[in-house]
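Ligands are counted one by one from 1 in listed order, and the atoms in each one are counted from 1 as well. No experiment lies behind these values; they were computed from the predicted model shown.
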Amino acid sequence: MSKSVQIIGSGFASLSAACYLANAGFSVDIYEKNGSVGGRARRLSKEGFTFDMGPSWYWMPDIFEKFFADFRKLPSDYYHLDKLDPAYKIFFADDTITIGDSMEKICTEFDRIEPGSSGLLRKFIAKAQRNYDIAINKIVYRPGLSPLELITPETAVRVNQFFSTIKKEVRRSFKNPKLIATLEFPVLFLGAKPSNTPAFYSFMNYADFGLGTWHPKGGMYEVILGMKRLAEELGVRIHCNSAVKEIGVTDGKAEYIKVNGERKTADYTLSGADYHHTETLLESSYRQYSEGYWDKKTFAPSTLLFYVGFNTRLTGMEHHSLFFDTDFEAHARAIYDEPKWPDKPLFYASFPSKTDNSMAPEGCEAGLFLIPIAPDLEDTPELREAYFQRMMTRFEKHLGSPVQNNIIFKESFCIKDFVSEYNSYKGNAYGMANILTQTAFMRPGLRSKKVKNLYFTGQLTVPGPGVPPSLISGKLAAELIVKAS
Ligand SMILES: Cc1cc2nc3c(=O)[nH]c(=O)nc-3n(C[C@H](O)[C@H](O)[C@H](O)COP(=O)(O)OP(=O)(O)OC[C@H]3O[C@@H](n4cnc5c(N)ncnc54)[C@H](O)[C@@H]3O)c2cc1C
C-alpha cells in the first residue's frame, strides 16, 4: 500500500510538495483553511477587475521551468507567459528610471543617468550572474541540514561576499543615488535591508536585469491554478474550508491532525502553514522553538495593500511602478530598527491591465498599491485610510492629474488580515528575512527535531521568502519525506 501524507495549507510551497510526493507514489491530501487555494498568492475578483492579492513579480523563470520539467511538463502547458518591456519604472522626486527587457536598453538608461556607468553595470551583472549560477545550481536546492552544504569550491573563494553587504557592494561601483536605489531594490524581495543582506545575494540583480520580469496572462494566480491542476492530475486531493486545529502526537510521532471536528491520520504530516502557527498546533513539549526564539528573528516586512478599480486608464504608469521619491533609509528604519508607521513611505503600484486586457474592464485600470511596513504594528481602518490618502497625493503628482474621483472601489489588506487569513506570525507578509544568520541551516528546519514524521515547508523555512524559493522548499521537504519512507 502506498504511504500517505497530509499537507497543511495550499500555498506555493504546499502545492509544490504535493506534486512531488504524489509523483513519488504517495497518497496526498491537502487541508486548506480558506475557501480557495493559493495562500498569500490568492486572487481577488471584483466588478470585472482581477487582482493578485500577494505576489505580482514573476522572476526567475528558470525555477518555474525546472519545477514543471520534473513532471515532464512546461509552464506553457498550464499558463501563458509574456516578458514585460519595460520590466518596471521607478519614479524619483525629479526623474524616472525605466528598466527595459534587455541589458542593452538598461545600459542606455544607466548611461543617461550617469554617463559611462554602463561599463560598471556590465561587470556588476557578470559577477551577479556567476553568483546566480552558484546559488541556484549548487546551493539553493540543498535542504539546510548542515553548514557543509554551503561550502563548495565556488563559495570558498567568495567567502568575503557572505560577510560584505549588498549596500557596500553596490556603492563600490556606483555613486549616483538613483542607480544605487535601482540596484538595491531586488534584494528587498529577500525581506531585509541592503545593509543587512550579504553581497553574495547580488544574484538577485542578475534575476532582475539578466532574466527579466514576466507576466502570466491572467496574473500570478494562473500559476497557482496550473500547479493545482498538475497536483490533481497526479492524484492529490484538495480540501478547502478545512482549518487544521491540532496536530496530535503520540510517542513522538504525529498521529493525527484535527480538521472540521474529525481526526485525519497519515504516515507523514507536512505543514506549509506559517511555521510559528504550525508549532502552536502541537502540545508545547513538542515545539522546537520558543516564543523568545521567534521574537528575536528578523522578519520580512508586513504590508498595507490596496486593490483599486479605476474607471479610466492611467497614462504614464507601467505594469510595475515603484515610487522611490522619499528617503529609503528613514522608511527602512521604521520597518527594521524602530518599528512604527513610516512618515513618508516608499510604495509600489502594479497596473497589470497595462499589459493584460483580461485584468480590468475595457477603458479601466486595475491598481494594486503596496506599502511595506513593520510586522505587528497597530492596524486600524483610520490608519489605512490616512496612508491611502498620503499615497494618493504623491501618486497624483506623478500621474499629473487627479484620479481619486475615478475610483470605483478599493479594498484594503493589512496586518490583521495576514493574521486572520493566513495565521501569519505578527502579520508578516513575506516570512523570515534572508540575512546571513537566517540562511540555510540557520533557518527553522524542514524536519521537526521533536516529532518524527512531521515536516515543514514554505517561506519561513529553507530556502526563504518568495515564490521561486517556495517552489524549491516544497521540493526539498518532499525529498526528505521520500528519503525517510
Ligand atoms: C503582498 C505580497 C507580495 C508579494 N510579492 C511577491 C512577488 O512579487 N514575487 C515573489 O516571488 N514573491 C512575492 N511575495 C512572497 C510570496 O508570495 C510568498 O513567499 C509565497 O507565496 C509563500 O508561499 P507559502 O506556501 O510559503 O505560504 P502561504 O502562501 O502563506 O501558504 C500557507 C497556507 O497555509 C494556510 N493555513 C494557515 N494555517 C492553516 C491551518 N491551521 N490549517 C489549514 N491551512 C492553514 C494558509 O491559509 C495558506 O493558504 C509576496 C507576498 C506578499 C504577501
side-chain contact (heavy atoms from CB on, under 4.5 Å) involving Gln438 - partner list, sequence neighbours excluded: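 Listed in chain order: Lys297, Thr298, Met432, Ala433, Ile435, Arg443.
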Listed partners of Lys167 passing side-chain contact (heavy atoms from CB on, under 4.5 Å), at least two apart: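 Expected list: Thr165, Arg171, Glu184, Pro194, Ser195, Glu329.
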Residue pairs fulfilling salt bridge (Lys or Arg N to Asp or Glu O under 4.0 Å) with at least one residue in residues 418-440, sequence neighbours excluded: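 For residues 418-440: Arg42-Glu421, Asp295-Lys426.
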Sole residue of Arg43, Lys228, Arg229 in salt bridge (charged side-chain N to carboxylate O under 4.0 Å, His left out) with Glu222: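 Exactly one candidate clears the test, Arg43.
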Aromatic plane relationship, Phe323 with His398 - under 30° parallel, 30 to 60° tilted, over 60° perpendicular: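 If you compare the ring of His398 with that of Phe323, the planes turn out tilted.
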With the criterion set at N/O pairs under 3.5 Å, what does the list of contacts between the protein and ligand 1 look like, atom names and distances included?
unit_1, atom_1, unit_2, atom_2, d
ligand 1, 8 (O), Ser56, N, 3.0
ligand 1, 8 (O), Trp57, N, 2.8
ligand 1, 9 (N), Trp57, O, 3.1
ligand 1, 11 (O), Val467, N, 2.9
ligand 1, 12 (N), Val467, N, 3.4
ligand 1, 19 (O), Gln459, OE1, 2.6
ligand 1, 19 (O), Gly466, N, 2.9
ligand 1, 19 (O), Gly466, O, 3.4
ligand 1, 25 (O), Phe12, N, 3.3
ligand 1, 25 (O), Ala13, N, 3.0
ligand 1, 26 (O), Gln459, N, 2.9
ligand 1, 29 (O), Arg40, N, 2.9
ligand 1, 30 (O), Arg40, NH1, 2.4
ligand 1, 38 (N), Asn423, ND2, 2.9
ligand 1, 41 (N), Val244, O, 3.0
ligand 1, 41 (N), His277, NE2, 2.9
ligand 1, 42 (N), Val244, N, 2.9
ligand 1, 44 (N), Lys33, N, 3.2
ligand 1, 47 (O), Glu32, OE2, 2.8
ligand 1, 47 (O), Asn34, ND2, 3.2
ligand 1, 49 (O), Glu32, OE1, 2.5
ligand 1, 49 (O), Glu32, OE2, 3.3
ligand 1, 49 (O), Gly39, N, 3.4

Option from Phe369, Phe388, Tyr387, Phe347 for which ring pair (Phe, Tyr, Trp, His ring centres under 6.0 Å) with Phe306 holds: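 Exactly one pass, corresponding to Phe388.
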